[in-house]
Student: 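So that we are looking at the same thing, I have put the structure below in structure tokens.
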2 protein chains.
Amino acid sequence: MAKSTKTPTINDVARAAGVSKKTVSRVINRSALIKKDTREKIEAVIADLGYVPNPQARALALRRNFLLGLLHDNPNAQTVLNFQEGVLDAIKATEFALVVRPVDRHSPHMLEDIRHFLEQQRLYGVLILPPISENDDLAALCREMGCGYVRMGSAMLDDEEHVVASNDREVVENAVDYLVGSGHRRIGIIKGPDGFRSAFERAEGFMAAMKKHGLSIPPEAIGQGTYRFDSGLTAAGRLLDRPGRPTAIFCSNDEMAAGALHAARQRGIEVPGDLSIIGFDDSPIAAHIWPPMTTVGWPIREMGKAAALKLVAPADEAAQDSRFPARLVKRLSVAPPSSGRS
Amino acid sequence: MAKSTKTPTINDVARAAGVSKKTVSRVINRSALIKKDTREKIEAVIADLGYVPNPQARALALRRNFLLGLLHDNPNAQTVLNFQEGVLDAIKATEFALVVRPVDRHSPHMLEDIRHFLEQQRLYGVLILPPISENDDLAALCREMGCGYVRMGSAMLDDEEHVVASNDREVVENAVDYLVGSGHRRIGIIKGPDGFRSAFERAEGFMAAMKKHGLSIPPEAIGQGTYRFDSGLTAAGRLLDRPGRPTAIFCSNDEMAAGALHAARQRGIEVPGDLSIIGFDDSPIAAHIWPPMTTVGWPIREMGKAAALKLVAPADEAAQDSRFPARLVKRLSVAPPSSGRS
DNA sequence: TTGTAGGCGTTATCAC
DNA sequence: GTGATAACGCCTACAA
């Protein structure tokens with residue numbers, strides 16, 4: 001319990017243990033070249049003194065630091081937070097810490113801003129959330145700057161080691177199968193915004209499934225939104241105001257699905273009686289509106305953990321996983337089409 | 001453009017400018033003791049080389065680092081993210097970075113975990129979100145470890161320099177005034193969980209306002225929940241199943257308000273026709289359910305910014321703000337009580 | 001298996 | 001005003 005006034009350094013430990021700094025350093029870094037006795041003695045001293053290595057000093061000496069960055073420009077707070085939790089699961093027992101950096105994908109300086117951020121903080125690696133994870137220039141920037149990176153996305157955007165991806169396309173096919181199995185034939189879609197890979201993947205899955213079932217998709221059954229609530233309201237309104245309106249709508253995310261639900265309610269269309277709706281994300285809102293919404297959930301926390309492991313422990317078994325299956329979460333917004341209409 | 005293979009250091013700048021490291025250091029740190037010519041010459045070289053000071057090295061030399069921590073155990077993802085954005089607003093142009101740390105307030109090791117985190121990362125300061133911001137032991141721990149801290153809360157939990165607070169009590173009074181002004185007399189409340197200062201403040205504001213208006217609060221008009229959706233559903237159900245049910249309910253947060261809305265719908269009670277509801281938080285769900293919910297919004301992003309400034313720029317004018325007024329956001333879930341009932 | 005010398009990039013001290 | 005020199009806490013070489 002010496003030197004309790006200041007946080008102890010490696011020197012204090014060395015002195016107290018009667019060895020050299022380097023020997024202490026070897027213990028810290030789990031070097032094999034240490035006699036068991038020596039190690040145990042030093043570990044005891046470390047515990048006694050409450051010594052914790054200074055990560056800044058280590059960073060300086062090792063010329064690499066222990067900071068992971070999280071880059072996001074997010075439409076969905078819960079997703080970001082779940083991902084953060086997953087990352088923390090992975091680094092909790094390590095000396096790594098997670099630095100967050102919201103970015104504005106609409107800013108013309110986005111790449112410059114990120115470059116400056118990476119230069120300044122000299123991060124060990126960054127985790128990139130959609131939609132900016134889909135930006136190949138950003139990935140190129142990371143490579144150029146020697147900064148590790150892992151992209152989260154709806155498809156394999158990059159090499160295995162740089163991606164954690166869900167199977168949006170496939171799971172949307174399942175969702176359509178489910179609607180068809182419930183008796184629906186006139187199924188509409190509200191697509192996400194152009195330029196989002198997730199929007200593309202989900203729409204492709206939808207189209208493929210409809211084709212598989214021999215169902216046509218008239219243009220008026222296709223809407224498009226921005227992933228925001230209002231856009232879902234508007235787009236669904238258009239689908240529902242047309243004659244021969246769909247008996248079911250797949251919405252490319254939950255916010256738009258909530259908007260579609262409102263659009264139906266405004267028109268006196270019952271959900272799920274007259275209209276079935278499926279969303280995507282399994283965000284909190286899906287469970288908290290009425291009726292509770294059938295949607296697609298993905299294991300975001302696990303993806304966050306795997307992504308972080310790819311960076312900090314690439315040898316770890318869990319770091320090998322790159323594909324994370326989303327799955328349909330069945331709640332109450334889907335029912336067979338009402339007999340009079342289908 | 002020399003030495004393009006590696007990131008330039010202060011030595012490269014000094015050499016290129018024909019001065020000593022220390023002089024460059026003075027420029028970086030905006031020392032006044034520098035001739036204008038010298039400064040400008042060095043600044044030009046810095047820009048030319050693209051030199052960025054290494055924060056780890058500075059941290060080592062200065063014996064303090066440039067990391068802010070965000071401690072949260074959050075019931076509300078949007079709040080955390082908004083706060084993060086505010087913090088980033090404050091530190092964007094600085095060398096500070098924000099490290100996030102979700103904590104589990106139910107863990108018996110919470111304080112130990114946080115202590116270890118603070119020891120390991122040696123943070124410049126931490127920002128603490130409710131509900132753990134209300135933990136005085138945690139604040140004491142920060143003081144003990146010499147770690148700056150700012151607590152966000154529903155009331156002045158600490159000295160000015162350590163708090164950004166909203167005026168929950170007062171704004172809930174306003175909410176009740178609004179209900180009374182709309183003609184309501186039988187007003188119920190769903191309180192938040194015991195042990196949450198926010199729950200206490202909001203309930204106090206409610207009681208005070210009711211008293212001010214000379215309205216009684218029968219025990220059966222008082223419910224309590226956990227701030228979760230389900231608890232709101234249950235608690236509201238109990239209030240609504242009693243004879244002489246309230247014509248309006250104030251819910252201590254939006255999730256419970258959404259639950260109350262469901263409870264009403266399940267019973268065929270129209271909102272706002274037969275029942276008015278007010279929530280708290282102005283979370284996304286409040287705007288995205290039907291009817292859009294009247295709620296209390298607080299300037300979380302501004303609070304995040306002010307909190308960060310208290311740590312990194314205590315002299316800044318904006319860092320002086322400690323109180324942040326919440327305000328009633330009027331939407332469609334409040335109407336006069338139906339004529340037959342009030 | 002352990003220790004010594006030197007360096008990582010920056011700042012503080014104290015001369016000039 | 002400016003510049004040597006010695007820290008800051010840790011690690012890599014290399015030597016013993």
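Lettering of chains follows the sequences in order, A, B, ..., and the numbering in each one begins at 1. Since the structure is predicted, the reported quantities are computational estimates derived from the model, not experimental observations. When reading the values below, keep in mind they use all heavy atoms of this one structure, side chains included, and skip hydrogens, waters and symmetry mates.
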Student: Any ion pair linking B:Arg115 and B:Glu112 (charged N to carboxylate O, less than 4.0 Å)?
Tutor: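 Salt bridge: yes.
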Student: Go through B:Asp158 and B:Arg151 one step at a time and tell me if the salt bridge (Lys or Arg N to Asp or Glu O under 4.0 Å) criterion holds.
Tutor: CA-CA 8 Å; B:Asp158 205 322; B:Arg151 305 158 78 175; 2.9 Å; yes
Student: Let me know the distance between CG of A:Leu33 and C1' of D:dA16, rounded to the nearest Å.
Tutor: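 Checked: the CG to C1' distance equals 15 Å.
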Student: Measure from CZ on B:Arg64 to C1' on D:dG9 and round the result to the nearest Å.
Tutor: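 That distance rounds to 17 Å.
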Student: Please tabulate, one pair per line, all N/O donor-acceptor pairs under 3.5 Å involving side-chain atoms of residues 311-321 of chain A, not counting sequence neighbours.
Tutor:
unit_1	atom_1	unit_2	atom_2	d
A:Asp316	OD1	A:Ala318	N	2.7
A:Gln320	NE2	A:Pro314	O	2.9
A:Gln320	NE2	A:Asp316	O	2.9

Student: Expressed in angstrom and rounded to an integer, what is the separation of A:Ile42 atom CD1 from C:dG3 atom C1'?
Tutor: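 Distance, rounded to whole Å: 12 Å.
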Student: Roughly, in whole Å, what's the span from CG in B:Asn65 to C1' in D:dC8?
Tutor: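 For the pair B:Asn65 CG and D:dC8 C1', the rounded distance is 13 Å.
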Student: State whether a side-chain donor-acceptor pair under 3.5 Å links B:Asn29 with B:Arg58.
Tutor: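 Side-chain D/A pair, B:Asn29 to B:Arg58: present.
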Student: Mind checking salt bridge (charged side-chain N to carboxylate O under 4.0 Å, His left out) for B:Lys22 and listing every partner two or more places apart, or none if nothing turns up?
Tutor: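 So B:Lys22 forms no salt bridge (charged side-chain N to carboxylate O under 4.0 Å, His left out) with any residue.
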Student: Return a single string for nucleotides 4-16 of chain C, one symbol per nucleotide in 5' to 3' order, where B is base contact, S is sugar-phosphate-only contact and - is none, cutoff 4.0 angstrom on heavy atoms.
Tutor: B--BBBBBB----
Student: What's the NZ-P distance between B:Lys35 and D:dG3, to the nearest Å?
Tutor: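 Nearest whole value for this atom pair: 10 Å.
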Student: Please check: side-chain N/O of A:Gln121 versus main-chain N/O of B:Glu95, any donor-acceptor pairing under 3.5 Å?
Tutor: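 The answer is yes, because a donor-acceptor pair under 3.5 Å joins these two groups.
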